[in-house]
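Side chains included, hydrogens not; waters and symmetry mates left out as well; all remaining heavy atoms used. For this chain, numbers begin at 1 and follow the sequence in order.
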Amino acid sequence: MAVVSLLLFGGLWSAVGSSNLAVVTCGSVVKLLNTRHNVRLHSHDVRYGSGSGQQLVTGVTSVDDSNSYWRIRGKTATVCERGTPIRCGQPIRLTHVNTGRNLHSHHFTSPLSGNQNNMPEVSAFGEEGEGDYLDDWTVLCNGPYWVRDSEVRFKHSSTEVLLSVTGEQYGRPISGQKEVHGMAQPSQNNYWKAMEGIFMKPSELLKAEGYHTEL
């Protein structure tokens, strides 16, 4: 889904280039940059040839690829109202906009680095935004909320691994795309930052708690 079509969701959407909103909110559609490897979290309707056989998740250097958009949602079986600020320590789901599958992990080993390091595979799973409890990731950050200019980590709620980029590259037909997997230990490989996207206006919750955004 192109960015232009995302603007049709309603008047509360604001393009990142024209907004100074400081926090990341539920309902926002963003690209996530791995700051160590300078790649954006990416998926497309291609399956792993081994392991789970689920939809492949990689990191890409392209800034313009529409397959790098993810919608921020509440954890499995919950609803996070649009515009609700994401708290540090809050579990969320990241739903791939173009395919409707959720960022997911489990105990299958990652195809390139898993055999050496026992690192879990990261995939995209489910249909039309609905999968299972293995789609939940906890946002790890400093302060009360996920701030857009800050680096954060995503910890898988079940396996407790951190969403990471390995530096290993795939060959054809996705040459140059980097492997994404789960890593047990914190490192520079698992820092992410919200970049391009469509951000929902923060709700009145922030004002009620006395938290000031740079509006």
Side-chain angles (χ1 to χ4, degrees), residues 3 16 19 21-44 55-75 80 84-98 101-105 110 112-113 119-125 134-169 176-200:
V3 176
V16 61
S19 170
L21 302 180
V23 296
V24 178
T25 56
C26 286
S28 297
V29 175
V30 302
K31 292 183 179 181
L32 294 168
L33 176 73
N34 182 278
T35 56
R36 168 67 175 82
H37 294 278
N38 198 35
V39 292
R40 284 158 175 78
L41 189 68
H42 178 88
S43 191
H44 40 216
Q55 184 169 302
L56 193 69
V57 172
T58 63
V60 297
T61 56
S62 172
V63 176
D64 301 325
D65 196 321
S66 67
N67 277 312
S68 299
Y69 282 111
W70 301 83
R71 187 187 312 281
I72 301 169
R73 303 170 64 211
K75 70 177 182 178
C80 187
T84 302
I86 302 295
R87 295 179 181 274
C88 296
Q90 177 178 336
I92 62 168
R93 279 175 294 174
L94 292 167
T95 301
H96 189 243
V97 171
N98 282 355
R101 298 189 173 101
N102 299 322
L103 189 71
H104 183 93
S105 192
S110 54
L112 300 184
S113 61
M119 301 297 187
E121 173 192 280
V122 171
S123 64
F125 174 76
L134 293 173
D135 301 337
D136 294 342
W137 299 80
T138 299
V139 181
L140 303 181
C141 51
N142 296 318
Y145 297 104
W146 177 3
V147 178
R148 213 166 69 194
D149 289 338
S150 67
E151 294 179 333
V152 301
R153 289 185 169 107
F154 300 100
K155 185 176 182 180
H156 192 247
S157 297
S158 295
T159 64
E160 299 189 341
V161 296
L162 298 165
L163 182 69
S164 305
V165 174
T166 69
E168 299 276 354
Q169 293 190 14
Q177 295 188 21
K178 292 193 175 181
E179 183 183 44
V180 173
H181 71 178
M183 184 177 289
Q185 300 298 324
S187 77
Q188 292 297 317
N189 296 309
N190 35 64
Y191 274 123
W192 300 85
K193 186 176 180 180
M195 299 297 287
E196 305 82 10
I198 308 296
F199 289 80
M200 292 296 295

Q: Would you sort out whether M195 and R40 count as a side-chain contact (heavy atoms from CB on, under 4.5 Å), showing the intermediate values?
A: CA-CA 9 Å; M195 299 297 287; R40 284 158 175 78; 3.8 Å; yes
(Q) Set out, in order, the CA-CA distance, both residues' side-chain angles and the distance that settles side-chain contact (heavy atoms from CB on, under 4.5 Å) for V39 and V60, then state yes or no. (A) CA-CA 5 Å; V39 292; V60 297; 5.7 Å; no
Q. How far apart are the C-alpha atoms of L140 and F154, what are their side-chain angles, what is the distance that settles it, and do they pass the side-chain contact (heavy atoms from CB on, under 4.5 Å) test?
A. CA-CA 6 Å; L140 303 181; F154 300 100; over 6 Å; no
**Q.** Derivation and outcome, side-chain contact (heavy atoms from CB on, under 4.5 Å), residues V165 and W192
**A.** CA-CA 10 Å; V165 174; W192 300 85; 3.7 Å; yes
Q: Assess whether side-chain hydrogen bond (donor to acceptor under 3.5 Å, both in side chains) is satisfied between H104 and S123, documenting all intermediate values.
A: CA-CA 5 Å; H104 183 93; S123 64; 4.7 Å; no
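In this model, no donor atom of one side chain and acceptor atom of the other lie less than 3.5 Å apart for H96 and S43. Of the N and O atoms on the side chains of N190 and S164, at least one donor lies less than 3.5 Å from an acceptor on the other residue. No donor-acceptor contact under 3.5 angstrom links the side chains of R36 and Y191, judged on distance only. Defined by atom type and a distance below 3.5 Å, a donor-acceptor pair is present between the side-chain atoms of T95 and R73.
The closest side-chain heavy-atom distance from Q177 to Q169 is not below 4.5 Å. Using a 4.5 Å heavy-atom threshold, the side chains of Q90 and V139 count as separate. Side chains of H156 and L163 form no contact here, defined as non-hydrogen atoms less than 4.5 Å apart. A 4.5 Å side-chain heavy-atom check between H37 and K178 finds at least one atom pair inside the cut-off. Using a 4.5 Å heavy-atom threshold, the side chains of M183 and M119 count as touching. A 4.5 Å side-chain heavy-atom check between V152 and W146 finds at least one atom pair inside the cut-off. Using a 4.5 Å heavy-atom cutoff, the side chains of T138 and I92 are not in contact. Side-chain contact between D135 and L103: absent, with no pair of heavy atoms (C-beta onward) separated by less than 4.5 Å.
Geometrically, R148 engages F199 in a cation-pi contact defined by less than 6.0 Å to the ring centre and at most 45° from the axis.
Contact between V57 and A124 at its shortest, heavy atoms only, is CG2-N, 3.6 Å. When all heavy atoms are compared, the tightest approach of V180 to G59 is CG2-N, 3.7 Å. K75 approaches P91 most closely through the heavy-atom pair CD-CG, 3.6 Å. Listed here is the closest heavy atom pair of V23 and P85: CG2-CB, 4.5 Å.
Judged by distance alone, with hydrogens and angles left aside, the side-chain atoms of S158 form no donor-acceptor pair with the main-chain N or O of L134 at under 3.5 Å. A donor-acceptor pair is defined here as one N or O able to donate and one able to accept, closer than 3.5 Å; such a pair exists between the side chain of S28 and the backbone of T25. Of the possible polar contacts, none joining the H44 side chain to the N67 backbone as a donor-acceptor pair under 3.5 Å is found. Looking only at distances, no side-chain donor or acceptor of K193 sits under 3.5 Å from a matching main-chain atom of L32. Of the possible polar contacts, one joining the S187 side chain to the N189 backbone as a donor-acceptor pair under 3.5 Å is found. A donor-acceptor contact shorter than 3.5 Å is absent between the side chain of K31 and the backbone of H42. Side-chain atoms of W137 do not come within 3.5 Å of backbone N or O of L162 as any donor-acceptor pair.
In this structure, the separation between OG1 on T58 and CD on E168 is 14.0 Å, given to the nearest 0.5 Å. The distance from the CD atom of E196 to the OG atom of S68 is 8.5 Å, given to the nearest 0.5 Å. Summarising the geometry, atom CG belonging to L94 is positioned 6.5 Å from atom CD1 belonging to I72; distances are rounded to the nearest 0.5 Å. Atom CZ of R87 and atom SG of C80 lie 10.5 Å apart (nearest 0.5 Å).
The environment of CG in N142 is sparse: at most 12 heavy-atom neighbours from other residues, nucleotides or ligands sit within 6.0 Å.
R101 meets the salt bridge (Lys or Arg N to Asp or Glu O under 4.0 Å) test with D45, E127; sequence neighbours excluded.
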